[in-house]
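Heads up, the thing below is written out as structure tokens.
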Amino acid sequence: MILAVRQLAILGTLLAILWAAGLLRSVGTTGADPLAPGAVPMVLGFALLAAHLSGRLLGYLSLPTITGYLLAGVALGPQGLGFISLEVRDSLDLINQIALGMIALTAGGELAISRLRPRLRTIGWITLLQTVALFALTSGGHVLLDRWAGAGPFSLGRGLGPDQTLALALVVGLVAVANSPASTVAVIAETAAEGPLATVSLGVTVVKDVVVIVLMSATLAAVHGLVVPGSSFDTASLVLVLEEVALSIVLGALLGAAMITWLARVGRESAFFLLGSLFLTLEAGRLFDTFVHLHIHFLIVCMTAGFAVENLSSRGEELIRNLERSSLPVYVVFFTLAGVGLDLGSLVVVGPLALVFVVWRALLLAVTSWSGARLAGEPRQVANLAWTGFLPQAGVSIGLAELVAARYPEIGGRFRTLVLAAIAINQLVGPVLFKWALRRAGEAGRQEDG
Amino acid sequence: MRSLVIVSLIFAAAYLLTLPVFSTRWSFLGLRHLFLSGTEFLLVGVLLGARGLDLLPEPVLRALDPVTHLALGWAGLIFGLQFEHKMLRVYRLRRYLRSFGQALVTSVVTSLGILWLLPRFLPGLEGRALVEAAVILGICAGPTSPSSIHYFSRIFSIRGRVNRLLKFIAAVDGIPSVLLLGLFAGLSHRFVDPAADFSGWVWFAAATVLGVVLGLILVSLVALDFRRDELLLFVLGMVVLAAGLARYLHLSALYVSFVMGVTVANSAWNRVEVHKIATYAEKPIYLTFLVLAGTRLVIDDPRVVALAAVVVALRLAGKLLGNVGWRWETDEPLARSPFLGLALLSQGPLAIVLALEFDYHLSAEPAWAGVGSLVVSTALVAVMMSEVLSPLCLRWLYPRRLERGRGGAR
């Protein structure tokens, strides 16, 4: 209790300093420019401390710290106190990308073949069932709901023709499949969990991330055929995405090889090398995008690199563990900025529908995970709890919502609002449930024990 | 393209110079013997910057602004953490006076020399911009980097009194420069933010108070029950916050963080842990900073190279003069050598941080826009030249003219 009060006092003092700085600055010429020199580092430093202290405070309630970071992001963002404006968030995009790369590297590094081998069937079954069932049943469910709801609050496709309704149903189905490897790996890292539930959850989220990218391309090609009059299913774009995924995996393998070589030959200044490599990979992606018109999936590149380093180098595990040990600031930055982007306002607009979507998705995740795990012969406890690891949603879903809203405004407007509302719920509830599940399965703290 | 050729030539020269200095075998790692404080990473920055491969264009550099601030603040924190009063009392006052005195003499000699010579390099430069450029190059010339002295004493196994004196001077002679920077930032506040109508002394006092308050907050944070990764986060967050706040208020990030470090060193129970974590994370931050600083380096302007050579010569004269003037301070005969100043030629991170801080601070001044890049580049090139010359000077001094050790060159 005393510790909590002390943390609140520190938080209050920091807020007072920021407020005083704002006052002093307004005495000068520039006033309250969110991108004034020094403003971005100042806000970043404050956000790091405030978010972590919030995470610690939630920790006293046995909630995951990333929920604290997300809530701090909401509180400090434009929907709350306004310390982190959208301009500041956008200017931190590069740092956020590098943070995501480090999380993805850790996610890949967690997938040691020795641990994965006994769970390969489980991962395969759950991925297959979730992809097929969530996509088909959510799309179908949406069509039925839309027909039943008419113009009520549960309708997303008011005034759309049958083709457009189907197109909308397809993208809704796709969003249901997507999940957030970053959240999963963050909760596993926080709880130092090790065991079948942690391995299966991480394995499935990583594999599904690749599957979702391919599925997204196929879905968008079909949507294009349905929404744009006179067009048909675009197979060329599907092939292109497959090429991009393959290229990302190859680049990831090359990055992994470079890291392995560095570890073996140099062995020093690994952190500097790692940061430099991630930055250069982002740059390479930008160059590919500009000159070759191929999109490099940074997340896949980093996950592949982490996987290669962990499994092909004798010092790989050491690197991944070191990365984990100093990754706290990375998680804080990433999830606080994610919190800034959480659109709680959208809950007001499409609240009931978002709730239906979230509950339906959770139900399907529970059924498919249970079935997949049982088919692979996993114990009942793992089968019962596995679905919790797939609830959180973030980057890919937001990207898809933005893309659809930009490309197909006729179906994208309310869809984007629904996705943002659903992400807000899933991202806040998912980690809480997953942490509870890892504890319940007795896997929390096993990394330290080992 | 010219920058690429020049960088290649510098690397080639550095390879060649390792031979007479260390008689080391011909290898890539031989380079390590010449750039002892990692300044070769400035050249990596040149390669990646707009004058090289353009992998770090202006928008990317702007996006990495928090990293630069982190490094500025980190340098201040680490420097400040050294000054715990119990440790400081171990040494006599006159030893401090000697260290500060020689640094101030070096700064004054360099400033006056530059004030006289700079208009010959940049005709038309006059008034405040000229004085600012001279003062900045002078203040940057003051501090000594301890890396060369540490390296040589390890190589030659030297552990005598002169060696200890040199290490002491190199450890503390940055203080006058950091204080002068803080003072400069305060006193010149009205030029960079004319609407803020407090006096310069008030801003200087504000910077000091801000550093103390932030230091006390860091002390409170590290007094919580924490894990090692949390400690890293607290230090990281506080340093970025301190540097950002300082810049936001047109104060010096280095000075505010330095005061924060001194406060922590003198009031935190866990000061040793803070120092350990700051040292642990120093290298990646510092190397990244050097690369980013390197992108601002204009290496292909002959004026920069010539001016940097002048700065190095003036600095050398200042170090010799400063140490000759304080010879009476020690009763160790070897330490009275008129050449002792040669051992203090090495310049490192602090000088680079100082140069960039001045440039950041003055970037809002229109008069500074024309000379800022030239002055920063001159300071950085001078650091690199000093880094290359310093091992040569030390090799000439050690072990014949100063103390003898028990080992030999490897």
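Residue numbers begin at 1 in each chain, while the letters A, B, ... track the order of the sequences.
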Can you tell me which portion of [X] sits under 4.5 Å from chain B's heavy atoms? Options are side chain, backbone, both or neither.
X	answer
Phe279(A)	side chain
Leu328(A)	both
Leu274(A)	neither

Pairwise distance CE(Met238(B)) to CG(Leu14(A)) - rounded to 0.5 angstrom:
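Interatomic distance, Met238(B) CE to Leu14(A) CG, rounded to 0.5 Å: 6.0 Å.
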Rounded distance [0.5 Å steps], CG in Asp229(B) versus OH in Tyr331(A)
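The CG atom of Asp229(B) sits 10.5 Å away from the OH atom of Tyr331(A).
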Counting heavy-atom pairs under 4.5 Å with chain A, which one of [options] comes out on top?
options	answer
Leu236(B), Val67(B), Leu214(B), Thr288(B)	Thr288(B)
Leu48(B), Ile285(B), Leu245(B)	Leu245(B)
Val291(B), Val239(B), Asp65(B), Leu241(B)	Leu241(B)

Residue pair [X] / [Y]: nearest heavy atoms and the distance that separates them:
X	Y	value
Pro329(A)	Leu232(B)	CG-CD2, 4.4 Å
Val240(B)	Gly45(A)	CG1-N, 3.9 Å
Ala21(A)	Tyr248(B)	O-CE2, 3.9 Å
Leu48(A)	Gly237(B)	CD1-CA, 3.9 Å

Whether the side chain of Arg6(A) engages the backbone of Leu221(B) through a donor-acceptor N/O pair (distance < 3.5 Å, no angle test) should be reported.
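No, the answer is negative, given that no donor and acceptor are paired below the 3.5 Å cut-off.
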Tell me, for [X] versus chain A, whether the close heavy atoms (under 4.5 Å) come from the side chain, the backbone, both or neither.
X	value
Val60(B)	both
Tyr280(B)	side chain
Ala281(B)	neither
Ala63(B)	both

Check: Leu49(A) and Ile217(B) side chains under 4.5 Å, non-hydrogen atoms:
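A side-chain contact under 4.5 Å is absent here.
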Does Pro41(A) reach the side chain of Leu70(B), with side-chain heavy atoms less than 4.5 Å apart?
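Side-chain contact under 4.5 Å: no.
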In terms of heavy-atom pairs under 4.5 Å with chain B, which of Gln7(A), Arg286(A), Arg56(A) leads?
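Of Gln7(A), Arg286(A), Arg56(A), Arg56(A) has the most heavy-atom pairs under 4.5 Å with chain B.
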Below 4.5 Å, heavy-atom pairs only: which of Met42(A), His52(A), Glu283(A) has the largest tally toward chain B?
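Going by pairs under 4.5 Å, I would pick Met42(A).
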Let's go through His69(B) and Val40(A) carefully: what are the C-alpha distance in whole Å and the side-chain angles of both, what is the deciding distance for side chain to side chain contact (heavy atoms under 4.5 Å, CB included) to 0.1 Å, and is it a yes or a no?
CA-CA 10 Å; His69(B) 279 82; Val40(A) 176; over 6 Å; no
Take Thr13(A) and Leu216(B), measure what side chain to side chain contact (heavy atoms under 4.5 Å, CB included) needs, and give me the verdict at the end.
CA-CA 11 Å; Thr13(A) 315; Leu216(B) 291 175; over 6 Å; no
